[in-house]
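These notes are about the structure you will find just below.
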Number of protein chains: 2
Amino acid sequence: MALSREQVVTTAVDILRRYGLADLTMRRLARELEVAPGALYWHVANKQELLVEVAGRLLAAIPEPDPDRPAEEALAAHAHALREAVRHVPDGADVVALAHAVDPGSLRPVEELVRLVGRAGVPAREREAVAEVVLHHVLGSVTTEHNQRIALDLDPDFRARDAAAVAKTFEVGLEVVLAGLRRV
Amino acid sequence: MALSREQVVTTAVDILRRYGLADLTMRRLARELEVAPGALYWHVANKQELLVEVAGRLLAAIPEPDPDRPAEEALAAHAHALREAVRHVPDGADVVALAHAVDPGSLRPVEELVRLVGRAGVPAREREAVAEVVLHHVLGSVTTEHNQRIALDLDPDFRARDAAAVAKTFEVGLEVVLAGLRRV
DNA sequence: ACCTGAACACCGTTCAAGT
DNA sequence: ACCTGAACACCGTTCAAGT
């Protein structure tokens with residue numbers, strides 16, 4: 001049976017989940033699918049387009065924000081959902097950041113984030129700016145957390161601040177931004 | 001006269017300034033220095049280490065924060081200085097983000113940022129978390145700005161929001177974070 | 001001490017030619 | 001329509017051997 005775009009993207013997500021971004025190469029992906037590398041370019045324009053699709057998949061399970069909840073609460077929940085979607089996939093945050101950079105507006109949950117910021121009272125002109133702050137915080141804190149994990153594995157002296165404290169970083173930062181929203 | 005680590009790093013910065021990160025390869029760097037690629041590995045352990053050094057150079061001109069200024073004012077000025085240092089170098093924000101990820105604590109102005117957050121009244125336990133929010137905002141907004149410039153060049157229809165408005169994104173986000181600091 | 005030559009094990013992408 | 005084979009133009013890194 002013929003290869004499909006669907007199949008290409010699914011296998012790409014699989015490689016990412018299992019081995020991380022460094023192993024997600026077009027050639028490796030072709031090997032996994034038992035086709036020649038050139039075959040992929042029938043289903044996908046290039047690697048960038050593939051990564052945008054992969055990022056979409058990572059965030060696909062995030063639920064639409066509940067319109068009946070208080071705006072700020074829904075915003076916090078959405079930020080947590082974004083974080084969780086990306087936290088357990090190696091280099092997941094980088095892939096989403098890349099996709100957002102390459103093709104902003106292509107990620108449904110990011111668009112929802114912008115609308116939530118609006119519901120929280122931020123005027124239309126400033127919504128995207130504030131949503132970017134939240135998004136950068138989510139993605140940045142996940143990356144920092146992963147790197148700290150690596151540092152911990154590599155260098156056992158690096159036990160100064162333990163893993164639980166590291167994870168709390170996210171909450172603190174999110175609270176600062178939410179407090180800022182109330183004041184501006 | 002023999003090659004030196006100094007010379008290697010300086011030329012790397014040069015290539016980055018002129019052609020961006022995609023062109024900053026070990027082989028290209030060797031060509032520019034008129035040596036074999038292997039020669040670089042006498043002066044530098046690997047590409048990661050080189051990029052950490054390059055990031056340090058990009059931020060080297062940032063002045064130490066003025067201890068006599070009000071904390072919040074000094075913090076805002078420092079954030080602006082970080083932004084300016086990185087804004088005019090193609091992929092400068094990515095290089096700094098990478099260096100910070102690979103070797104946190106290696107960038108003097110980032111350490112100063114943490115101390116400024118402390119001076120602004122954030123308790124020691126939460127200083128790093130908040131400093132990361134500011135740093136991610138600075139680097140993230142520069143990346144977004146650059147990508148928007150590219151989109152503008154590529155697709156003239158993308159004139160919806162003009163360049164000046166795009167640059168203001170940074171100010172809005174920074175104000176939200178500063179307001180958050182006052183409230184938490 | 002410092003560098004070259006040559007290799008190893010890879011990349012992303014294109015494209016004529018096949019089915 | 002969909003894929004292969006083969007090429008093009010690259011990567012980062014290592015290391016024996018030279019000076």
Side-chain angles (χ1 to χ4, degrees), chain A residues 1-57 90-91 94-95 97-99 101-103 147 150 154, chain B residues 1-57 90-91 94-95 97-99 101-103 147 150 154:
Chain A
M1 185 205 42
L3 195 61
S4 68
R5 184 178 168 103
E6 164 71 21
Q7 215 181 138
V8 170
V9 176
T10 303
T11 306
V13 172
D14 230 72
I15 293 175
L16 184 69
R17 289 208 128 90
R18 273 211 260 266
Y19 311 103
L21 192 54
D23 283 55
L24 179 43
T25 67
M26 297 304 268
R27 296 181 105 102
R28 173 84 197 270
L29 179 52
R31 225 183 303 136
E32 211 88 0
L33 290 162
E34 295 179 286
V35 295
L40 301 176
Y41 291 85
W42 185 263
H43 301 276
V44 132
N46 49 42
K47 194 177 177 180
Q48 272 202 4
E49 190 188 292
L50 175 65
L51 288 179
V52 169
E53 213 83 336
V54 168
R57 284 287 224 278
D91 305 308
D94 304 63
V95 173
L98 227 139
V102 156
D103 186 358
N147 289 330
I150 291 164
L154 259 59
Chain B
M1 186 205 40
L3 195 61
S4 68
R5 184 178 169 104
E6 164 71 21
Q7 215 181 136
V8 169
V9 176
T10 304
T11 307
V13 172
D14 229 74
I15 293 175
L16 184 69
R17 288 208 128 91
R18 273 210 261 265
Y19 311 103
L21 192 53
D23 283 55
L24 179 44
T25 68
M26 296 304 269
R27 296 182 103 102
R28 173 85 196 269
L29 180 52
R31 224 184 303 136
E32 210 88 359
L33 290 162
E34 295 179 288
V35 295
L40 301 177
Y41 291 84
W42 184 263
H43 301 277
V44 134
N46 49 42
K47 194 178 179 181
Q48 272 202 5
E49 190 187 293
L50 175 65
L51 288 179
V52 169
E53 213 83 334
V54 168
R57 283 286 224 280
D91 305 308
D94 304 63
V95 173
L98 227 138
V102 156
D103 186 359
N147 288 330
I150 291 165
L154 257 60

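So that the names make sense, note that chain A is the first sequence line, chain B the second, and so on, each numbered from 1.
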What is the distance from CG of Asp23(B) to P of dA9(D), rounded to the nearest Å?
16 Å
Residue-phosphate contact under 4.0 Å: His43(B) side-chain N/O, dC3(C) OP1/OP2:
yes
For a quick check of understanding: with a heavy-atom distance under 4.0 Å over all strands, which category does Ala2(A) fall into, base, sugar-phosphate or nothing?
sugar-phosphate
Mind calculating the distance between CG (Leu40(A)) and C1' (dT4(D)) to the nearest angstrom?
12 Å
Rounding to a whole Å, what distance do you find between Met26(B):CE and dC8(C):P?
21 Å
Measuring only between side-chain heavy atoms, which start at C-beta, is Lys47(B) closer than 4.5 Å to Leu40(B)?
no
Is the distance from OP1 or OP2 of dC3(C) to the nearest side-chain N or O of Trp42(B) less than 4.0 Å?
no
Can you measure Leu50(A) atom CG to dG12(C) atom P for me and round it to whole angstrom units?
10 Å
Find the distance between CG (Asn46(A)) and CG (Leu50(A)) and round it off to the nearest 0.5 Å.
9.0 Å
Are Arg57(A) and Glu6(A) within salt-bridge range, i.e. N to O under 4.0 Å?
yes
Between dC10(C) and dA9(D), how far is it from one P atom to the other, in whole Å?
23 Å
OH of Tyr41(A) versus P of dG5(D): gap in Å, rounded?
17 Å
Tell me, yes or no, whether the heavy-atom count around Arg5(A) atom CZ, taken from other residues, nucleotides or ligands under 6.0 Å, exceeds 12.
yes
Counter-base of dA9(D), judged by Watson-Crick or G-U geometry with both distances under 3.5 Å
none
Taking for each residue the nucleotide of DNA chain D with the nearest heavy atom, is it Ala39(B) or Glu34(A) whose nucleotide lies nearer the 5' end?
Glu34(A)
Tell me, with the steps shown, if Glu49(B) and Val102(B) meet side-chain contact (heavy atoms from CB on, under 4.5 Å).
CA-CA 9 Å; Glu49(B) 190 187 293; Val102(B) 156; over 6 Å; no
Consider the side chain of Lys47(B), meaning its heavy atoms from C-beta on, and name the nucleotide among dG12(C), dT13(D), dT4(C) that approaches it most closely.
dT13(D)
Arg27(B) CZ to dT14(D) P, straight-line distance once rounded to whole Å
13 Å
Who is the Watson-Crick or G-U wobble partner of dA16(D), with both distances under 3.5 Å?
dT4(C)
Rounding to an integer number of Å, can you tell me how far Leu29(B) CG sits from dC11(D) C1'?
14 Å
Expressed in angstrom and rounded to an integer, what is the separation of Leu98(B) atom CG from dG12(D) atom C1'?
15 Å
